[in-house]
**Student:** 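Would you mind keeping the following structure in view while I ask a few things?
Start at 1 and go down the list; that is how both ligands and their atoms are numbered. From a predicted model like this one, the values you see are computed outputs, not experimental measurements.
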Amino acid sequence: MDTKIIRLEDYLRTEILSDADRDKLKIAAKILRDGGLVAFPTETVYGLGGNALLPEASERIYAAKGRPSDNPLIVHIADITELEPLTAEIPEAARRMAERYWPGPLTMVFKKSPLVPARTTGGLDTVAVRFPVHPVAMELIRMAGVPVAAPSANRSGRPSTTTAAHCIEDLTGRVDAIVDGGSADIGVESTILDVSGDVPQLLRPGAVTREMIEETLQISVPEDAALKGPLGADVRPKAPGMKYRHYAPKAPMQLVMARRDPADAAPEILRFLREAADRGQKPALLCSVECLEELKRLDSFCEKDIIIRLTGSRSDQTVMAHDLFECLREMDETDAAYIVAEGCSEQQLGYAVMNRLKKAAAWQILYV
Ligand code: TXA
Ligand code: MG
């Protein structure tokens, strides 16, 4: 299959869609409507879109990603009026969340209506719906005139894609088109809140944080077991996708978390790096600028033989989230044989970052 690269030249320069950009998006919208696949930017990560109402389009999404077909897709809309036909009921809590956070990086799981094919929801009787705020995503879905099913636009098992270049790397020859709308702002996938049961439950943390949800709904929000630790073979996470070892870099990864003073992590990180080198495994380090400074103050730290990727400052979780998947992808391009990563605070957006890091590390975490 030939993959058409659609570069939105004006949007890339100005962050405003021009008429020329819109004409290009019309081509992508027609591909979607006709059952084809288009990768496109959203504010969280890139999505691999197909017409959510056509079972064959969902089938093609699973094939393009190499994803097990029991893993349901998120259905994207571009107007709140598109929600009702997809769902059997819209609980009050969902209305309040939608009012406050849609369009935006929030997905909600509803009881589905018969309109949504079982192929799109992996056979579940619920449907995950998201109303993204990215101008390109909004315009594309609106032009397509149909709800758009879109998982993250990566090959299964690889980190989610946050730039068109990542999509080109993973999906060339597997989708009809890739829309280049620059780098995704947030960098981690949307928050998933299940509102299909009696009490709203957090299935995946994202930029709409648990603190924000609890403040809006004035309740304490329980979270799925998948967020708390490695799942036993007999436990089924509510979001089927959370059971897979996502985002795993090729090299094994050790996460080091400081419980009190962030500086406490440095000596342990150094120890892991040294032990890897002693075993003959090329060590790599993923940490904040502050952590690197702390390591440099430890007199036995030697930068020379370590692959280093920095995730910005500890004080700026937005940079950490934005760069996370790119850093993990870059690690795979090096000859790193053992990765040591610094954990961050689990408040607010940090909780979403840590959730991805814990999975990347297959829950190898040292708390100090
Ligand atoms: O930010 C995002 O959400 C991105 C962009 C493209 O919108 N999409 C995304 O999709 O991350 P994906 O497929 O990579 O992750 C969707 C997650 C999976 O873990 C899946 O199991 C869960 O959502 N999910 C989808 N439908 C569900 C449902 N009906 N019930 C429970 N979990 C569901
Ligand atoms: Mg994904």
**Student:** Atom NZ of residue position Lys4 - does it have more than 12 heavy atoms of other residues, nucleotides or ligands inside 6.0 Å?
**Tutor:** no

**Student:** Does atom CG (Asp198) have a neighbourhood of more than 12 heavy atoms from anything else shown, all under 6.0 Å?
**Tutor:** no

**Student:** Measure centre to centre between the rings of His134 and Tyr46, then say whether the value is under 6.0 Å.
**Tutor:** no

**Student:** Determine whether the side chain, the backbone, both or neither of Asp194 has a heavy atom under 4.0 Å from any heavy atom of ligand 1.
**Tutor:** neither

**Student:** When you check the side-chain N and O atoms of Arg210 and Thr191, is any donor under 3.5 Å from an acceptor?
**Tutor:** no

**Student:** Counting only heavy atoms, which portion of Thr126 has something under 4.0 Å from ligand 1: side chain, backbone, both, or neither?
**Tutor:** both

**Student:** Looking at ligand 1, does Arg67 have a heavy atom less than 4.0 Å from it?
**Tutor:** yes

**Student:** Is Lys65 close to ligand 1, meaning an N/O of one under 3.5 Å from an N/O of the other?
**Tutor:** no

**Student:** Hey, is Ala150 touching ligand 1 through its side chain, its backbone, both or neither, going by heavy atoms under 4.0 Å?
**Tutor:** backbone

**Student:** Give the numbers and elements of all ligand 1 atoms closer than 4.0 Å to a heavy atom of Leu124.
**Tutor:** 28 (C), 29 (N), 30 (N)

**Student:** Which is it for Arg158 and Asp170 under the salt bridge (Lys or Arg N to Asp or Glu O under 4.0 Å) test, yes or no, and what are the steps along the way?
**Tutor:** CA-CA 9 Å; Arg158 299 217 64 204; Asp170 275 24; 3.0 Å; yes

**Student:** Of the side chain and backbone of Arg130, name the one, both, or neither that has a heavy atom under 4.0 Å from an atom of ligand 1.
**Tutor:** side chain

**Student:** Is there an N/O/S atom in Asn154 at a distance below 2.8 Å from the Mg ion (ligand 2)?
**Tutor:** no

**Student:** Check whether any heavy atom of Asn71 sits under 4.0 Å from an atom of ligand 1.
**Tutor:** yes

**Student:** Side chain or backbone, does Tyr46 bring an N or O within less than 3.5 Å of an N or O on ligand 1?
**Tutor:** no

**Student:** With only distance considered, is Arg204 within less than 3.5 Å of ligand 1 through an N or O on each side?
**Tutor:** yes

**Student:** With atoms numbered from 1 as shown, which atoms in ligand 1 lie under 4.0 angstrom from a non-hydrogen atom of Ile74?
**Tutor:** 3 (O), 8 (N), 9 (C), 10 (O), 16 (C)

